[in-house]
Amino acid sequence: MAEPEPTTAAAAPAPGRLRNAFGGVLCAFTLLLIGVLAFSIRLFSVIKYESVIHEFDPYFNFRVTQFLSKNGIYEFWNWFDDRTWYPLGRVIGGTVYPGLTLTAGSIWWLVNALNIPLSVETVCVFTAPIFSANASWATYLLTKEAKGTGAGLMAAAILAMVPSYISRSVAGSYDNEAVAIFALVFTFYLYLKTLNTGSLFYATLNALSYFYMVCSWGGYTFIINLIPMHVLLCIVTGRYSSRLYIAYAPLVILGTLLAALVPVVGFNAVLTSEHFASFLVFIILHVVAFVYYIKGLLTPRLFKVAMTLVITVGLAVCFAVVAVLVALVASSPTKGWSGRSLSLLDPTYASKYIPIIASVSEHQPPTWPSYFMDINVLAFLVPAGIISCFLPLSDASSFMVLYLVTAVYFSGVMVRLMLVLAPAACILSGIALSSAFDVLTRSMKFQLSKVFNDGSAVSGDSIAEGSTASNDTKGSSTSTVNTNSAKIENRTEKSEKPSKKNRKKDREVTGSVPVKPKKEKRLSVLPLEASVVGTLLLIVLGGFYVVHCVWAAAEAYSAPSIVLTSRSREGLHVFDDFREAYAWLSHNTDVDDKVASWWDYGYQTTAMANRTVIVDNNTWNNTHIATVGTAMSSPEKAAWEIFDSLDVKYVLVVFGGLVGYPSDDINKFLWMVRIGGGEFPHIKEPDYLRDGQYRVDSQATPTMLNCLMYKLCYYRFVETDGKGFDRVRGYEIGKKHFKLTHFEEVFTTHHWMVRIYKLKPQKNRIRGKLKKLKSSSKTSSTLAAGRKKNPWQ
Amino acid sequence: MAPSLHSLPTTVFLLILAVAVASAAAAASPSSPPGEDGIRVVAAEKRIDLTGPIVKVFLTLKVQNAASASEASYVLLAFTPTEVQHLAIVKATRAEGKRKKKTYVPLPVEPSHLADAPNGASLYAILLSTPLKPAETTTLELFYVLTHSLEPFPAEITQSESQLVYYRDSAVILSPYHVLEQATYIKMPSNRVESFTRVDPTSRSGPEVKYGTYSNQLPNSYLPILVHFENNHPFAVVEELVRKVEISHWGNVQITEQYKLRHGGARHKGVFSRLEYQSRQSISGASSFKNLLARLPPRVHSVYYRDEIGNISSSHLRSDSYKSELEFEPRYPLFGGWHCTFTIGYGMPLQDFLFQADDGRRYANLTFGCPLLDTVVDDLTIKVVLPEGSKSPEAVVPFLTEQHLETSYSYLDVVGRTTVVIKKKNVVGEHNVPFQVYYEFNPMFMLAEPLMLISALLFLFVTCIAYLHMDLSIGKSQAS
Amino acid sequence: MAAPRLPVLFLLLALLVVACRGEASGEGPRGRKVLVLVDDLAVRSSHSAFFGSLQARGLDLEFRLADDPKLSLHRYGQYLYDGLVLFAPSTPRFGGSVDQNAVLEFIDAGHDMILAADSSASDLIRGIATECGVDFDEDPEAMVIDHINYASTEVEGDHTLIAGDDLIESDVILGSKKIDAPVLFRGIGHAANPSNSLVLKVLSASPSAYSANPKTKLASPPSLTGSAISLVSVMQARNNARVLISGSLDLFSNRFLKSSVKKAGSKLSHEKAGNEQFVTETSKWVFHERGHLKAVNVKHHKIGETNEPSMYRINDDLEYSVEIYEWSGTSWKPYVADDVQVQFYMMSPYVLKNMSTDKKGVYSSSFKVPDVYGVFQFKVEYQKLGYTGLSLAKQIPVRPYRHNEYERFITSAYPYYAASFSTMGAFFIFSIAYLYHK
Amino acid sequence: MPKAAGDAKLLIQSLSKAYAATPTNLKIIDLYVVFAVATAVVQVVYMGVVGSFPFNSFLSGVLSCIGTAVLAVCLRIQVNKDNKEFKDLAPERAFADFVLCNLVLHLVIMNFLG
């Protein structure tokens with residue numbers, strides 16, 4: 001932070017140096033505050049609920065981290081996990097992005113080395129907030145590269161509390177994105193830094209941070225495609241410079257090598273199409289570089305001649321390479337694109353071909369409200385940002401624009417990629433705000449100085465100062481404004497309890513503080529007034545943003561989906577059924593028992609109940625998931641046979657009908673049918689649909705009413721209220737009284753949200769057939785033929 | 001298909017014992033321990049309380065020393081091996097004085113090795129405060145507790161059944177002495193008594209069965225009896241309890257208790273229907289329990305109750321000036337054979353527990369045992385973590401325990417904290433008595449960690465400054 | 001003084017007996033306490049020879065009337081008996097707490113039963129038989145009639161006394177010694193679903209037999225004919241509980257056991273029918289004195305090692321061994337066979353091998369772990385005619401290679417190594433040259 | 001056609017002339033680059049012959065060559081006197097960075113070879 005100050009200070013005159021020193025300290029202080037803000041605004045979940053891991057995937061990461069902290073890096077590296085995907089198992093070490101885990105693991109190790117007894121869980125819970133603080137600092141650096149300190153601080157402050165990022169990084173949501181965003185922004189920063197300085201040192205760092213990004217998140221492909229695009233852009237717009245070469249060429253080589261070191265990426269780093277763009281640009285860059293070199297050597301006339309030669313050669317080479325690449329791509333399956341990235345390029349791909357990807361809610365395209373929800377006022381500031389990026393178009397600012405545009409596209413395809421958009425939006429709106437403030441404040445200053453001292457010299461040097469050392473003034477002045485705003489945000493954030501109204505009020509008060517001394521004198525000149533009003537307006541706008549963010553952090557994004565609460569007149573009511581069920585499983589079942597459930601609950605079951613599951617949230621084997629889906633959607637006996645062949649002991653279903661918990665298995669049932677039907681054609685979706693929709697009431701189809709999922713969910717449900725009224729679907733269930741023949745209820749949680757059934761053992765005897773029981777005997781005898789092989793025939 | 005396994009040895013043992021007794025009776029030659037020939041039990045009354053999960057026995061012995069005998073300094077008490085291995089605690093008091101101003105003085109009881117009864121029965125000696133003169137009589141009040149002595153039978157019950165248990169004992173008191181007159185009363189929780197062995201005279205009135213009075217029993221006589229009755233008390237068994245007491249001289253005593261709880265009653269069989277459980281609370285799961293009560297010291301603060309996967313949000317604390325009661329529920333109701341684990345933690349003000357001994361040492365005065373009410377703790381471990389730098393610790397516990405020292409590390413420790421580890425098996429509520437841990441402590445150590453922090457910060461700043469200067473110098477070198 | 005004590009001792013002994021039955025089953029596969037239910041106690045004398053043979057083998061029988069009101073199979077969830085002999089064909093309902101389901105639960109709890117019916121078989125008996133997979137002829141009057149292979153008696157009867165000799169070939173069920181004399185049978189026939197793998201026809205009727213009412217004229221073609229009729233059959237449930245169902249109570253009677261038999265049309269006449277040997281051997285089988293297998297200490301380890309690993313690596317060589325013993329009625333003898341197979345199973349058997357035995361009961365086999373990782377199982381599924389089924393499954397995960405278990409330094413890669421090292425060397429040389437150049 | 005040939009000839013000699021003007025340290029670098037590229041090419045050919053079985057070794061081999069080449073080029077750009085962009089960057093600094101970069105590169109290669 002303090003590094004750039006002295007260099008500029010060396011150039012600036014004595015007062016400038018002083019102001020710079022002051023600005024530097026102020027800047028550092030502000031950054032500190034921003035960091036604190038970013039960290040503490042994410043603690044709502046801990047304050048309102050408890051310090052616990054959230055949702056689904058974080059539980060897996062948590063489990064992996066525990067393993068890492070217990071068994072060390074090498075065991076983790078080749079960990080074959082036999083407790084998931086029974087009986088296939090899963091090679092965790094080779095299929096997981098280790099960045100997050102290693103980060104948290106090393107933090108834990110460090111802390112315990114200092115004899116601070118923090119549990120692994122605690123470390124995991126707070127990893128995300130810590131890294132969001134880092135991310136905001138990285139944003140500062142990045143924006144500073146593009147547009148100077150002021151914009152940097154502004155952007156950092158905005159990113160510290162942008163809702164879409166908060167949603168992924170509240171304390172407890174211990175997921176890859178938490179660290180990945182930091183890595184992303186930091187990589188971009190280093191790229192721009194290299195681009196501006198052209199020093200190999202930063203290039204190396206850049207490669208390393210790219211490596212970290214690759215370790216952390218599958219989204220690294222975004223980087224390795226965006227940067228080449230930018231390079232290409234620069235070349236095309238004739239902005240080629242040797243700095244560009246230094247910034248890019250080493251990155252490709254080192255980055256590729258490093259990426260290939262990560263097991264989960266491996267040779268994909270050179271074999272899949274996600275990376276080919278970079279190689280292509282790499283070659284083009286060399287050609288261009290060569291051309292420029294020749295140009296440097298020769299006289300223009302000869303150069304023309306040379307040009308022809310070089311161009312022909314270069315083109316030949318290019319074509320050759322392109323041909324090779326195309327051949328490779330064509331040879332590799334799915335044209336070398338992984339399903340997810342394909343569904344990025346072609347938004348309809350997933351829903352057409354891969355129901356599993358489509359079934360994940362965060363892979364759906366977002367809606368407009370969600371844009372407003374996630375990036376709020378930034379949506380309006382961004383265009384301004386783009387404009388101010390173009391005012392002096394530098395490499396850096398052009399990169400920003402490019403980043404924004406691509407990010408917008410991706411976020412439009414997948415709602416989870418809103419996360420990638422967030423930093424871009426923050427940076428650009430930061431730029432916008434700061435340049436706006438810059439203009440306004442400078443105009444004020446100018447007016448005031450004019451009003452006060454008519455001495456031409458003073459005014460002159462003030463003007464001169466304003467023009468020459470504008471950079472400094474911008475830096476300092478905007479930084480002051482920003483410190484105010486940052487302080488405001490801190491204050492609001494610290495006192496989160498008081499209602500929004502008086503919060504807004506005290507912001508108004510504090511917000512007008514910096515402007516107050518000028519207030520009485522602004523009558524003199526009108527543009528001054530305008531600028532002051534503009535400043536105020538901007539501050540109010542920021543105010544709205546802050547209010548929204550705090551609200552989002554406190555209300556919308558802080559709930560850890562495993563424990564639910566509902567406010568009723570007799571106070572807060574807690575639904576802790578999931579953990580109840582998992583605890584029961586972990587203490588009262590055999591350690592090797594297999595638990596079958598829909599894949600959403602796989603990670604939690606392995607992490608919390610420590611039982612072997614058939615499928616989990618890492619949906620790598622479609623067939624296996626389809627098998628479970630089929631079992632769930634087939635009649636009891638068929639389901640029993642499927643589960644028995646998988647050695648399943650217990651079946652776990654989530655049922656919200658009693659308390660009205662909407663995201664339960666009946667509502668997920670269509671995916672079970674769809675995925676199951678995708679693999680096993682005897683499951684036909686129309687059989688479950690009554691005029692195009694899934695119903696479980698009296699109009700439901702018989703197939704629906706006889707499938708296992710229905711039975712396990714509604715077994716003896718009618719006896720609770722006599723009618724069997726489902727509070728989620730909002731009607732009475734279709735089939736009320738029925739018995740289970742192959743399953744028995746062994747546990748049901750307090751609010752019936754989780755129901756666990758046990759597979760009954762195979763029938764001990766085989767009935768003979770009397771006339772009245774012909775049917776049953778037939779089935780049972782076929783069962784015998786199927787199940788039991790008969791050595792003496 | 002046969003009674004649960006551990007009942008087999010007992011029965012076998014009983015047979016051997018009885019046969020031996022029979023032979024002894026036939027031979028009519030009481031194998032009396034040496035030196036105690038004179039003592040006779042004039043009257044004995046044994047009251048067995050089976051109402052809870054734990055067997056409590058109140059025994060009143062009117063002991064008389066023979067006129068011709070020497071002074072008796074102790075009175076012996078006999079237990080069968082099964083009783084011995086389930087025996088949690090034995091207390092004895094002696095009635096002094098006349099009718100009016102009758103006082104009970106507690107007497108020490110210890111296993112005696114000088115004489116052994118036949119058939120592996122082992123003897124405990126009650127050491128009399130004042131020896132029993134010839135022809136003198138005195139009255140001894142004995143109290144002992146047996147754990148795991150109620151055997152659920154049937155061993156597996158469904159949700160709707162209620163729990164029946166066996167209790168095995170002897171109709172007459174197993175004693176190395178000649179017993180002139182005695183009676184045994186067995187009190188059961190409810191009127192539902194399936195069966196009980198008759199050894200005439202035997203009478204039953206409601207929940208109580210009386211054996212006797214028998215007169216003039218030979219020494220070491222034993223008449224096995226078997227009582228089969230309903231007992232729906234929660235058989236909460238803490239298989240393992242680790243209590244960690246961290247003493248910080250900054251004014252707080254932090255206690256962390258890790259429980260491994262099991263329902264020790266008849267195992268749950270077949271389905272568990274939440275519906276039945278919720279709708280007909282009374283008849284279904286009669287022997288199960290869903291909440292527990294822990295009696296904590298007064299003025300506890302920051303109580304938490306969680307398990308390895310997070311808080312358990314079903315507990316509340318009632319606190320008054322004498323005690324605090326923490327009532328909490330496990331995540332799920334416990335049926336027979338079900339397990340659960342949880343952790344309770346709370347802090348207490350230091351001044352209530354830490355005192356200065358006369359010899360300048362400090363001592364922490366803590367409570368032994370388990371705060372949960374009427375539960376058995378199979379394996380109790382108490383770790384008293386003394387502040388860093390405390391020396392020569394010494395624990396004073398009123399009964400026999402296994403102790404050793406270890407070192408544990410906590411926030412920013414350098415040398416680690418001395419930890420006194422006290423282990424005891426088979427602990428019941430009667431063990432909740434105060435015990436002391438003495439240690440020497442130099443107050444200077446309290447400043448260690450703050451100083452450390454300060455120095456660390458100082459170092460940080462220094463490095464920052466150094467970095468800045470270094471940075472400048474580099475810049476210059478490149479400029480040149 | 002001894003006076004009050006003695007009764008106590010007796011009580012104690014009784015209690016001990018109750019207690020020690022557990023141990024009895026400890027050394028043998030089954031306990032020895034058998035409840036015999038009869039219509040009237042006359043059966044006790046008329047079938048004394050059979051009961052005698054049972055008692056001679058150390059079973060203690062308890063005779064009760066089928067409608068004894070104090071009848072009960074279990075008390076406080078514990079079964080009081082280990083076997084049941086149901087010689088009460090005509091009883092409409094049992095006394096006490098026993099009913100059809102009680103009997104079936106008794107079997108499902110792993111206990112054995114001998115059930116004998118005759119022409120007066122009640123619905124209760126038929127129901128139990130059906131639940132065991134055996135259907136008696138519905139016609140209540142019907143008996144098995146055979147005009148060819150009947151036992152010729154002095155009076156020319158209605159050919160309902162059948163001399164059956166169509167016995168199942170199984171030394172396990174019928175003993176090693178061949179039964180050459182035909183078995184006398186008078187009663188009703190039954191049929192077993194051929195697809196029902198649990199039921200075996202021990203004594204089947206001859207092709208010429210049919211089941212009909214001997215009194216009346218044959219109106220419609222009989223429902224059961226020929227060798228589809230089973231006279232005596234056994235059922236071994238999946239939990240190895242064994243049930244013998246006979247259509248004739250007389251089969252066990254002294255009269256049949258003692259009487260001589262001469263098959264119609266055949267010259268030679270045996271002075272003693274095969275019944276005695278038949279019922280003795282079959283009852284031995286039913287009460288698990290024969291053909292009861294147990295598998296103990298299953299072991300597996302890598303070749304060259306002895307201790308059992310918690311996990312194998314793909315392409316490991318491993319050895320699997322299990323000891324199998326057979327109960328000979330008095331002690332556990334090593335079981336010798338050559339068709340015991342072990343599977344290395346994950347959703348489908350990847351390895352299926354016959355295990356070799358050392359004649360002392362130890363079966364072992366060694367094989368290579370397939371080149372697939374996952375959670376496998378060692379499975380031994382051994383179902384042999386007449387023997388109790390063995391099914392062992394032991395879970396063992398198989399992991400892929402560790403990062404350092406792949407082969408290093410492939411020869412064909414040496415040029416690459418050379419290249420990379422040369423570049424490094426070049427780097428050093430270059431830097432030196434560069435630095436010292438100016 | 002002669003003209004083109006003449007042009008080419010002219011071009012070549014002017015190129016060589018221009019190149020002769022470059023300082024020796026740059027020449028050293030160029031040598032180095034040429035060497036690296038040559039090795040890379042050799043390996044690619046070899047791969048074409050033998051087939052890409054130990055793919056990681058092949059990658060590391062080739063990429064190490066290309067990497068060194070690229071880095072050397074970067075260095076060349078930076079230390080080039082008549083390059084206006086790097087006035088403020090001291091050649092020592094440049095070389096230090098270069099060394100660092102190489103170290104990282106070769107570390108990774110080492111990792112990746114086996």
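Please read all numbers here as calculations on a predicted model, not as lab measurements. To find a chain, count down the sequence lines: A is the first, B the second, and so on, and within it residues start at 1.
- For the atom pair CE (C:M347) and OG1 (A:T627), the distance works out to 7.5 Å, reported to the nearest 0.5 Å.
- Using a 4.5 Å cut-off between heavy atoms, C:Q236 makes no contact with chain A at all.
- Taking OG of C:S195 as the start and CD1 of A:I766 as the end, the distance is 7.5 Å to the nearest 0.5 Å.
- Contacts between A:D647 and chain C at a heavy-atom distance below 4.5 Å involve the side chain alone, from C-beta outward.
- Heavy atoms of C:V398 lying under 4.5 Å from chain A belong exclusively to its backbone.
- Chain A forms the most heavy-atom pairs under 4.5 Å with one residue out of C:V372, C:V134, C:L104, C:I107, and that residue is C:L104.
- The main-chain N or O of C:D108 is never found under 3.5 Å from a side-chain atom of A:R765 such that the two would form a donor-acceptor pair.
- Under a 3.5 Å cut-off, the side chain of C:N239 and the backbone N or O of A:N764 do not form any donor-acceptor pair.
- Listed in order of number, the residues of residues 88-96 of chain A that approach chain C to under 4.5 Å between heavy atoms are A:L88, A:V91.
- Of all the heavy atoms in C:P397 and A:F80, the pair that sits closest is CB-CE2, 4.3 Å.
- Scored by the ring-ring contact (aromatic ring centres under 6.0 Å, His included) test, A:Y74 finds C:H403 as partners (sequence neighbours excluded).
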